[in-house]
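What you see below is based on every heavy atom in this structure, not just the backbone, and it leaves out hydrogens, waters and symmetry mates. Numbers restart at 1 for each chain; the letters A, B, ... are given by sequence-line order, proteins then strands. This structure is a prediction, so every number in the text was calculated from the model and none was measured.
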Amino acid sequence: MPDYFYSLVDSTPILLKQLTVCSFEVISESEKINGRSISEYIRDYLTLDIDINRLFPSGFSEHYPELWKLLSGYFSLRILRQDFFETLITFMCAQGIGMHLIRKQVTMLCHTFGEKRSILFNGKSITLYSFPTPLSLAEADIVMLSRCTNNNRIRATNISRAARSFMDGALDPELLRNPHLPLPELRSMLCRNPGIGYKIADCIALFGLGRFDAFPVDTHVKQYLAYWFHSSNALKPLSPVRYLELDCEARTILNPDMAGYAGHLLFHCWRREIKKLRTF
DNA sequence: CGCCAGGACATTT
DNA sequence: AAATGTCATGGC
């Protein structure tokens, strides 16, 4: 019995049937996702154009043989080209708390402000909720929004403001998506929004803008930089200046143009193999 | 009970 | 520029 995963992609319900470790069959009732054919969309969404062999610099496997053995189990892991607004709001929910609470917040946001959709699977209907539209969050009542953000009023206010900035064009993904925009500049543009610091800005760039050079440094990344790459900087507490130093350091270890994509493999390898965490 | 979770921000030294 | 407090809550 193969594994099935159901999900909403750009508000379109799809079903993924796992064939092998890294191959899926996509099942959907609709012909297109967001105006594009399913296969074309999925290829882009799952970044199948990205060659995994290009992620790590030549000589990396010889330099870190024991790490390479652990890491080889993660070569089928993909970064997704996710929707900008969804990524923006989701990562604004991810400050200083565990994965469990982050997922709870996003789920509650979808249930409260998203639209109900369903997909037929094995004869029974599965109900899913889309991610809230920018308008629905821009108009959301702060108290109701707070109930979705772990009762954190400041976070709810920041999300509300970001949604309004998106609506009025101050936060324009088409502008931010410019591939010639240097990473530091992109980061500072995102950081103008209250509630977004260096780390969240880099996450939005990496997952929501397809900037695979963006390298978010969080508590786990800090830990593996110290443990696997013997970074003395990573042992000290994280400050804004040290964030930029670690970002710079990572680019000497990994390919600068793919540092974030490679870092994501290292991130999950660290969490599962060393920390023994089971949550994705 | 204490500490850590995919941090940001204001305030104090 | 480094340290501390605050926001919040669930899991271990």
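At a threshold of 4.0 Å, the pair A:Asp247-A:Arg251 counts as salt-bridged, since one of the basic side-chain nitrogens sits closer than that to a carboxylate oxygen.
Straight-line distance between the C1' atoms of B:dC1 and C:dG11: roughly 14 Å, to the nearest whole Å. With both ends at atom C1', the span from B:dG6 to C:dA1 equals 25 Å, rounded to whole Å. Spacing between B:dA5 and C:dA2 at atom C1', rounded to whole Å, works out to 23 Å.
Contacts classified as ring-ring contact (aromatic ring centres under 6.0 Å, His included) and involving residues 138-192 of chain A (residues at least two apart or in different chains) are given here: A:Phe85-A:Phe166.
Separating the CG atom of A:Leu101 from the P atom of B:dG7 is a distance of 12 Å, rounded to the nearest angstrom. Here the P atom of nucleotide C:dT9 and the CZ atom of A:Arg155 are 10 Å apart, to the nearest Å. Per the geometry, CG belonging to A:Asn158 stands 13 Å off C1' belonging to B:dA10, to the nearest Å. Atom CG in A:Asn152 sits roughly 4 Å away from atom P in C:dA8 (whole-Å rounding). One can place CD1 of A:Ile159 at 14 Å from C1' of C:dC7, the figure rounded to the nearest angstrom. Rounded to an integer number of Å, the gap from CE of A:Met99 to P of B:dG7 is 11 Å. Look at CG on A:Asn151: it is 13 Å from P on C:dC7, rounded to the nearest Å. As rounded to whole Å, 17 Å separates atom P of C:dG5 from atom CD1 of A:Ile154.
Between A:Lys275 and B:dA5 there is a side-chain polar atom (N or O) within less than 4.0 angstrom of OP1 or OP2.
Residue A:Phe207 is tested with A:Tyr261, A:Phe267, A:Phe91, A:Phe212 for a ring pair (Phe, Tyr, Trp, His ring centres under 6.0 Å); the sole match is A:Phe91. With A:Leu266 as the fixed residue, the side-chain contact (heavy atoms from CB on, under 4.5 Å) test singles out one of A:Leu67, A:Leu225, A:Val221: A:Leu67.
The neighbour count for A:Lys236 NZ, taken as heavy atoms of other residues, nucleotides or ligands under 6.0 Å away, is above 12. In this structure, A:Phe75 places its CZ atom where more than 12 heavy-atom neighbours from other residues, nucleotides or ligands lie under 6.0 Å away.
Within residues 188-225 of chain A, the residues having any heavy atom closer than 4.0 Å to DNA chain B are, in order of number, A:Pro194, A:Gly195, A:Ile196, A:Gly197, A:Tyr198, A:Lys199, A:Ile200, A:Cys203, A:Phe207, A:Asp218, A:Thr219, A:His220, A:Gln223.
Nucleotides of DNA chain C nearest to A:Gly96 and A:His100 differ in position, and the one nearer the 5' end is that of A:Gly96.
Side-chain proximity of A:Asn150 to the nucleotides B:dG6, C:dA8, B:dA5 is greatest for C:dA8.
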Worked check of side chain to side chain contact (heavy atoms under 4.5 Å, CB included) between A:Tyr129 and A:Arg117: CA-CA 6 Å; A:Tyr129 291 86; A:Arg117 292 175 199 276; over 6 Å; no
